[in-house]
Peer 1: 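So that we are looking at the same thing, I have put the structure below in structure tokens.
All chains are named by letter (A, B, ...) in the order of the sequence lines, taking the proteins before the strands, and each is independently numbered beginning at 1.
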Amino acid sequence: MIAQIIVDVPSSQTDRVFDYLIPAEWEGVIEPGMRVVVPFGPRKIQGFVIGLSDTTNVEKPKPIFDLLDATPVLTTELLALGSWLSEQTLCFKVSAYQLMIPAALRTKVKKELKLADELHQLAPALQPLFQERDVMAWTEVIGQNKALAKELKRAIKAGHIEVHYQVEEKGRKKTERYLQLAANYEKLEPLPKRALKQAELLAFMERQTGPLSMARVMAEGQTTRQTVKALLDKGYLQESEQEVYRDPLAHVEYERTEPLPLTEKQAAVIRPILSSLDEERHETFLLHGVTGSGKTEIYLQAIDHALKQGKEAIVLVPEISLTPQMVQRFKGRFGSKVALLHSALSVGEKYDEWRKIQRREVQVVVGARSAMFAPFTNVGIIIIDEEHETSYKQEENPRYHARDVAIFRGHYYNCPVILGSATPSLESYARAQKQVYHLLPLTERVHSRAMPVVEIVDMREELRRGNRSMFSVRLLEALKDRLAKNEQCVLLLNRRGYSTFVMCRDCGYVATCEHCDISLTYHRSQHALKCHYCGHEERMPQTCASCGSEHIRFFGSGTQKVEEELAKVLPEARVIRMDIDTTRRKGSHERLLSAFGRGEADILLGTQMVAKGLDFPRITLVGVLAADAMLHIPDFRSAERTFQLLEQVSGRAGRHELEGEVVIQSYTPEHYSIEHVKAHDYEHFFQVEMGHRRQGLYPPYVFIVLINVSHPEITKVIDVTEKIVAFLKRELADETIVLGPVASPLARIKDRYRYQCMIKYRNEPELRQTLREIQQHFMRDINQGHLQVSIDMHPYLFA
DNA sequence: AGCACGCCGACT
DNA sequence: GTCGGCGTGCTC
């Protein structure tokens with residue numbers, strides 16, 4: 001029997017099937033989707049079995065060396081998905097498969113040296129190495145001593161030392177010690193009279209019905225490790241290891257919730273979803289529901305419907321740790337049927353959640369992007385909440401979008417896919433208009449609550465009137481008003497594209513990174529300058545590096561600065577600040593939010609992270625300090641992102657009985673992305689933005705491919721990019737536009753120069769093949785040189 | 001990716 | 001003469 005294997009060597013030359021012989025004892029045991037260890041050239045490496053066959057063209061296939069899994073880690077469906085994904089995103093097959101398994105299962109190949117002869121046979125220089133042991137890690141010897149390495153090589157050749165390859169898994173299952181009485185404990189010699197503690201423990205154990213974890217024995221039996229050990233040693237107790245799940249939410253209690261009665265509008269929207277479920281028909285729905293319209297309840301009831309059919313559900317939410325309230329709603333409704341997968345979990349915790357899914361111990365997974373690969377086998381419904389969020393696109397290889405994966409799986413299982421958003425991406429909304437997706441509009445808030453009133457303040461006018469502070473008169477008034485009424489406020493400081501850089505006031509010099517062409521960011525806590533791309537760090541300079549002037553200052557406004565200003569103008573206000581600095585520690589996000597929820601602060605001040613998912617009844621004011629910060633980023637989606645952010649954050653106000661108000665400060669209040677927030681008019685914004693896209697030839701009117709080339713030498717980069725552009729112009733259709741080469745917006749990162757070119761096309765059936773040829777053509781340079789060519793079939797980031 | 005094989009310069 | 005530099009090609 002032959003196993004078809006994708007080896008764990010991410011390179012274009014090994015990106016194909018290799019045939020291996022299945023040893024007789026593993027016939028019928030090895031299945032597609034399992035990981036194995038195989039000999040590959042002189043070494044041993046990991047591989048994924050993707051198929052079985054009776055025949056092979058290989059003359060003398062080598063046998064599989066070892067088996068890593070008892071059950072497949074990849075289902076038949078996931079194997080197909082991986083293959084499709086590698087074609088779509090032009091990544092290696094093995095990279096696609098690695099993506100689908102938890103990090104704890106990734107393996108490392110360890111190279112070991114083993115003494116295979118008598119110690120004295122070895123060259124004298126080598127003997128000290130093997131004095132105490134006969135196996136050692138290759139890394140211990142290599143690289144530190146050239147002469148020694150030479151001797152080693154000779155000894156290996158002579159057969160005195162053998163090289164072994166060990167494939168090792170990174171994560172371990174967590175086990176706990178369990179204790180129980182030994183079967184024959186009554187026949188043992190009685191305990192000595194003075195062993196009072198031991199006698200107590202024995203009595204305690206006699207009262208138990210089954211094995212008890214060590215932790216519980218100590219706590220409930222009021223005893224210590226020494227006492228336990230004494231009884232173990234004497235044979236009264238037996239210990240066993242039991243696997244336990246690391247439960248990230250062990251200490252959290254969830255209140256059980258029941259389905260809420262749906263409003264008429266909600267009922268109208270859920271109907272087509274349920275019939276798609278009942279008819280086992282794949283369909284992609286775009287649920288366009290304004291903030292506060294009750295989208296989540298629709299998700300919950302649709303999932304419930306799928307579960308009742310004995311099926312499973314996958315739910316994606318943007319960076320789940322950011323929305324504890326969302327988690328609460330899922331856990332509250334489905335309890336232990338839910339697994340959570342998000343980036344705040346440790347490697348081990350993620351592995352445990354993944355295994356719950358794999359063993360069918362849960363039926364619902366709620367998670368971030370990668371949760372879309374949950375190894376379910378009977379998916380009934382797939383939901384992507386806040387579908388416009390850019391975090392659903394992975395910005396490293398494999399550059400995939402979770403939405404595309406969702407639709408693949410939806411097709412496979414003939415089940416509905418729901419994309420939900422108050423501000424859908426233009427691509428999705430355009431598809432809904434073309435009836436590719438089924439549009440489900442939900443235009444009213446539940447209980448017909450009013451959308452918050454939006455006021456836009458022109459900050460130029462404010463300046464003309466002599467107000468140089470960062471708060472407009474209107475916003476300050478509103479804040480004071482809420483403080484007086486004991487209501488709560490959210491203040492958003494849009495920091496994206498607006499970092500704190502250091503500039504000389506005399507000559508205009510800006511401190512930049514010496515490895516990257518990008519300005520350094522000032523970090524107050526360490527009084528240092530940092531590069532956000534390579535991590536380079538330097539002290540804040542006293543004088544300008546260019547002209548020597550002492551008038552060097554940092555510009556830009558951080559949340560800390562706003563907090564200080566706030567303390568000056570509203571000293572009585574209690575402020576919670578939420579940004580990268582205050583939420584870095586695990587769980588701090590939840591802590592800050594629940595403190596705010598308990599009313600321990602009046603103002604929640606933060607960056608983008610306060611815009612999403614918050615639902616507190618006492619929030620009646622939302623202030624946006626600089627609405628246009630993001631507008632000037634050179635990205636065709638900047639208007640779309642601005643509108644989305646403003647609309648999202650507006651939605652935090654007045655979600656319950658109290659009415660909400662939004663004050664948006666802007667230097668370009670007439671811009672359509674800001675103006676249309678006023679009437680919460682997505683439809684109009686969409687029309688205007690589509691006009692711009694058509695004019696500039698941007699998605700959804702065309703598809704875009706971004707090719708980024710980087711190399712330490714700028715001449716090489718330009719040369720390669722020019723060749724790529726010339727090739728593409730020759731190969732692709734006349735209507736297709738190839739732009740470039742141009743320097744990337746981040747022209748240098750980590751001492752590598754970066755150039756890019758862009759393809760805009762409508763119809764190119766052979767495109768992926770053409771791009772593969774580029775990868776092949778520069779393979780040599782990529783393999784040995786320092787050339788990198790990255791291809792993004794659907795870019796969201798143009799740096 | 002590694003690793004071996006193979007062909008040229010500068011050393012004991 | 002050999003050691004070791006790295007370009008080239010292969011791994012079932």
Peer 1: Residues two or more places apart in sequence or in another chain: which of them pass ring-ring contact (aromatic ring centres under 6.0 Å, His included) with A:His777?
Peer 2: none
Peer 1: Is there a side-chain contact between A:Ile707 and A:Val789 in this structure, where contact means two heavy atoms from C-beta onward sitting under 4.5 Å apart?
Peer 2: yes
Peer 1: Could you work out, with ring-ring contact (aromatic ring centres under 6.0 Å, His included) as the rule, every residue matching A:His794, not counting sequence neighbours?
Peer 2: A:Tyr796
Peer 1: Just grab all the ring pair (Phe, Tyr, Trp, His ring centres under 6.0 Å) pairs involving residues 52-104 of chain A, residues at least two apart or on different chains.
Peer 2: A:Phe48-A:Tyr97, A:Trp84-A:Phe408
Peer 1: Not counting sequence neighbours, which residues clear ring-ring contact (aromatic ring centres under 6.0 Å, His included) with A:Phe376? List them please.
Peer 2: none
Peer 1: For residues 28-47 of chain A, which residues have at least one heavy atom under 4.0 Å from DNA chain C?
Peer 2: A:Pro39, A:Phe40, A:Gly41
Peer 1: Which residue pairs pass the side-chain hydrogen bond (donor to acceptor under 3.5 Å, both in side chains) test when at least one of the two sits in residues 20-29 of chain A, sequence neighbours left out?
Peer 2: none
Peer 1: Can you list, in residue-number order, the parts of residues 4-20 of chain A that come under 4.0 Å of DNA chain C, counting heavy atoms only?
Peer 2: A:Gln13, A:Thr14, A:Arg16, A:Phe18, A:Asp19, A:Tyr20
Peer 1: To the nearest Å, give me how far apart CG (A:Leu21) and C1' (C:dC12) are.
Peer 2: 10 Å
Peer 1: Applying a 4.0 Å non-hydrogen cut-off, can you work out what A:Tyr165 is touching in the nucleic acid: base, sugar-phosphate, or nothing?
Peer 2: sugar-phosphate
Peer 1: Apply salt bridge (charged side-chain N to carboxylate O under 4.0 Å, His left out) to A:Asp719 and list each qualifying residue two or more places apart in sequence or on a separate chain.
Peer 2: A:Lys723
Peer 1: Taking atom P of C:dT11 as reference, at what distance in whole Å does atom CE of A:Met779 sit?
Peer 2: 14 Å
Peer 1: Using the side-chain hydrogen bond (donor to acceptor under 3.5 Å, both in side chains) rule, collect all pairs that involve residues 39-58 of chain A, keeping only residues at least two apart or in two chains.
Peer 2: A:Asp19-A:Thr56, A:Gln46-A:Thr107
Peer 1: For A:Phe40, give me all partners under ring-ring contact (aromatic ring centres under 6.0 Å, His included), at least two apart in sequence or on another chain.
Peer 2: A:Phe18
Peer 1: Not counting sequence neighbours, list each pair that qualifies as a ring pair (Phe, Tyr, Trp, His ring centres under 6.0 Å) and has a residue in residues 736-758 of chain A.
Peer 2: none
Peer 1: Where does the chain A footprint on DNA chain B start and end, counting 5' to 3' with a 4.0 Å heavy-atom cut-off?
Peer 2: B:dA1 to B:dC3
